[in-house]
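Structure first, then comments.
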Amino acid sequence: MSTAVVVGGGLAGLAAAVAVAKAGLDTVHLVPKGPPDRRTSALMLPAVDYLKAAGLLPDPAAIGQPLTRIRIIDGTRRLVRAPETLFDSAEFDLPAFGWNLPNVRLAESFEAARSALPNLSSRETTLDDLEIGADHATLRLADGATLTADLVVGADGKKSRVRESAGFRARENGFTEAALVCDLGLERPVGGASVEFHYEHGPFTLVPAGGNRANLVWIDRRDTLKTAQQSGKDALARLFADKSQHLFGKIELLTPAHMFLLSTLTVDIAGKDGVVLVGEAAHAFPPIGAQGLNLGLRDVADLAASLAAADLTRPGFARGLSEDYARRRAGDLSRTGTVVDALFRSLLAEFLPAQVLRAGGLWALKLVPPLRKAAFDVGMGVR
């Protein structure tokens with residue numbers, strides 16, 4: 001039986017390991033020990049549909065909250081401001097745009113699918129080094145073991161050892177902005193709406209988490225967020241009420257606020273020499289437009305398609321498979337990266353003509369149906 005090693009224990013890595021094993025390869029999944037991910041992921045319908053078809057998420061309603069509206073409010077004090085813009089799933093004949101799902105519950109669902117595959121085993125360790133040979137790859141592990149594999153899948157994040165060892169070229173740019181995340185209790189619920197308040201240094205976004213709960217993702221300058229984080233629970237709650245323009249009444253913190261640094265990462269190609277990259281090993285963007293895990297799951301879906309199209313019994317199949325995967329991913333990665341980067345930078349732009357263009361673009365999205373449909377397709381990951 002042909003073999004594969006999947007490196008990385010995040011959600012994209014779990015999904016990739018299941019996809020590879022389901023294709024029939026004898027698969028080892030390297031899963032380093034780490035704390036549970038207490039964040040949530042807003043998954044759009046194409047990603048949810050893939051998870052359901054792959055047996056990774058039987059019923060999103062059992063663990064998540066539907067996202068039925070996306071509301072964008074310009075909270076800046078700029079000379080040229082954008083109009084409030086609302087996207088409603090009913091406008092597109094959909095019951096919801098997607099689901100907001102706790103990452104811990106997603107991991108549990110993925111683990112259940114993994115446990116049902118006898119040809120998929122896991123090892124609690126990391127990769128030290130990877131050597132690409134003519135017929136197979138040799139992996140040296142942190143626990144002292146050595147593995148060989150026909151196919152290697154790198155799902156080991158922005159600092160990917162697989163990407164570095166296999167010689168993929170990556171470009172990474174850091175920002176002076178960071179993201180603050182926590183769970184909030186609201187006096188008045190957001191309902192099914194994801195509400196984005198756009199400010200000069202990034203969005204302040206409330207995502208429905210059921211009842212009067214919401215998940216907060218606030219992007220701003222690092223020093224601003226650090227000062228807010230250190231101000232104390234009560235002061236932070238008052239600040240959140242101000243940032244949300246008091247639309248949801250009194251706010252309380254339900255979890256501690258954690259800060260994450262922001263950067264972008266892109267690769268020239270996502271697969272070569274029998275190695276493929278998925279998730280943040282191949283791409284990373286600021287948490288805007290809900291593209292992070294959605295894009296990673298599109299990686300996994302295309303990997304599954306490449307596996308289905310390949311003759312996995314042919315010697316050296318992995319090189320052709322990795323090239324096919326790279327072709328499948330090229331357009332989506334380029335398009336999504338360009339759109340998300342442009343959107344984020346437009347929020348930060350202090351140049352007046354750029355602000356005029358952004359405001360005009362949101363007016364167009366509000367008033368021009370074809371543009372609304374195009375924006376919908378990009379946001380949903382429709383290909």
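The aromatic rings of Phe87 and Phe92 lie parallel to each other, with less than 30° between the two planes, well short of the 60° mark.
At a threshold of 4.5 Å between side-chain heavy atoms, the hydrophobic network of Ile, Leu, Val, Met, Phe, Trp and Tyr places Leu297 and Phe97 in one connected group. Connection of Val217 to Leu101 is not established within any shared hydrophobic cluster, with ILVMFWY side chains joined at heavy-atom distances below 4.5 Å, either directly or through further cluster members. Cluster annotation: Leu139 is not connected to Val20 through the hydrophobic network of ILVMFWY side chains, with a link wherever side-chain heavy atoms come within less than 4.5 Å.
Residue Asp302 comes nearest to Tyr325 through the heavy atom pair C-CD1, 4.0 Å, listed as atom of the first residue, atom of the second, then distance. Counting all heavy atoms, side chain and backbone alike, Lys158 lies closest to Arg163 at O-NH2, 2.6 Å. Taking all atoms of both residues into account, the shortest heavy-atom contact from His283 to Gly296 is CE1-N, 3.7 Å. Counting all heavy atoms, side chain and backbone alike, Ala166 lies closest to Leu130 at CB-CD2, 4.1 Å. Residues Leu57 and Lys52 come closest through the heavy atom pair O-CG, 3.2 Å. The minimum heavy-atom distance between Ala305 and Arg328, with the atom names listed, is CB-NH1, 3.5 Å.
Comment: Asp223 does not engage Arg221 in a salt bridge, judged by the lack of any side-chain N to carboxylate O separation of less than 4.0 angstrom. Under a 4.0 Å N-O distance rule, the pair Glu131/Arg140 qualifies as a salt bridge.
A heavy-atom distance below 4.5 Å is found between the side chains of Phe240 and Leu180. Using a 4.5 Å heavy-atom cutoff, the side chains of Phe110 and Leu56 are in contact. Between Arg329 and Leu295, the closest side-chain pair of non-hydrogen atoms falls below 4.5 Å. Looking only at side-chain heavy atoms (C-beta outward), Arg161 and Thr126 stay at 4.5 Å or farther from each other. Within the 4.5 Å cutoff, the side chain of Leu45 has heavy atoms near those of the Leu94 side chain. Leu265 places none of its side-chain heavy atoms less than 4.5 Å from the side chain of Glu280. Counting heavy atoms from C-beta on, the side chains of Arg38 and Thr255 never come closer than 4.5 Å. When side chains are defined from C-beta on, Ser231 does not count as touching Leu239, because their heavy atoms never get closer than 4.5 Å.
Proximity of a side-chain donor or acceptor of Asn212 to a complementary backbone N or O of Glu187 within less than 3.5 Å is detected. When atom types are taken as modelled, the side chain of Asp220 and the backbone of Leu225 share no donor-acceptor pair closer than 3.5 angstrom. Checking side-chain atoms of Asp156 against main-chain N and O of Gly13 turns up no donor-acceptor pair under 3.5 Å. Judged by distance alone, the side chain of Ser322 and the main-chain N or O of Arg319 form a donor-acceptor pair under 3.5 Å. Counting only distance, with no hydrogens or angles, the side chain of Thr40 and the backbone of Asn100 share no donor-acceptor pair below 3.5 Å. For Lys22 (side chain) and Ala54 (main-chain N/O), a donor-acceptor pair under 3.5 Å exists by modelled atom type. The backbone N or O of Leu141 lies less than 3.5 Å from no partner atom in the side chain of Thr125, so there is not a single donor-acceptor pair. In this structure, the side chain of Ser89 engages the main chain of Thr68 through a donor-acceptor pair within 3.5 Å. Between the side chain of Gln229 and the backbone N or O of Ala257, at least one donor-acceptor pair lies under 3.5 Å. Side-chain atoms of Arg298 never come within 3.5 Å of backbone atoms of Ala47 as a donor-acceptor pair (strictly under, hydrogens ignored).
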> After noting the C-alpha distance and the side-chain angles of Arg188 and Leu247, does the key distance pass the side chain to side chain contact (heavy atoms under 4.5 Å, CB included) rule?
Replying inline: CA-CA 8 Å; Arg188 292 186 290 275; Leu247 294 179; 5.8 Å; no

>> Assess the residue pair Glu252 and Lys233 against the criterion (salt bridge (charged side-chain N to carboxylate O under 4.0 Å, His left out)); give the C-alpha distance rounded to whole Å, side-chain angles, the decisive distance to 0.1 Å, and a yes or no.
In response: CA-CA 8 Å; Glu252 64 173 322; Lys233 188 174 181 180; 6.0 Å; no

>> Would Leu67 and Met44 count as a side chain to side chain contact (heavy atoms under 4.5 Å, CB included) here? Give the steps.
In response: CA-CA 9 Å; Leu67 302 172; Met44 300 297 103; 3.9 Å; yes

>> Set out, in order, the CA-CA distance, both residues' side-chain angles and the distance that settles side chain to side chain contact (heavy atoms under 4.5 Å, CB included) for Trp99 and Leu51, then state yes or no.
In response: CA-CA 12 Å; Trp99 297 81; Leu51 293 180; over 6 Å; no

>> Applying side chain to side chain contact (heavy atoms under 4.5 Å, CB included) to Leu321 and Leu303, what does each step give before you reach the verdict?
In response: CA-CA 9 Å; Leu321 186 150; Leu303 174 57; 4.1 Å; yes

> His29 and Arg114: side chain to side chain donor-acceptor pair (under 3.5 Å), yes or no, with the steps?
Replying inline: CA-CA 10 Å; His29 186 198; Arg114 180 169 72 170; 2.7 Å; yes

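By the 6.0 Å and 45° rule, Lys243 stacks over the aromatic ring of Tyr199.
The only member of Asp129, Thr148, Leu147, Ile132 that meets side-chain contact (heavy atoms from CB on, under 4.5 Å) when paired with Thr138 is Thr148.
Residues forming a salt bridge (Lys or Arg N to Asp or Glu O under 4.0 Å) with Arg327 (at least two apart in sequence, or on another chain): Asp324. Legend: residues meeting side chain to side chain donor-acceptor pair (under 3.5 Å) with His246, ordered by chain and number and at least two apart, are Asp242.
Atom CG in Asp332 sits 7.5 Å away from atom CG in Asp299 (nearest 0.5 Å). From Arg39, atom CZ reaches atom NE2 of His258 across 10.5 Å, with rounding to the nearest 0.5 Å.
Under 3.5 Å, the side chains of Arg171 and Thr266 contain a donor-acceptor pair of N or O atoms. For the residue pair Asp26 and Thr3, no side-chain donor N or O sits within less than 3.5 Å of a side-chain acceptor on the partner.
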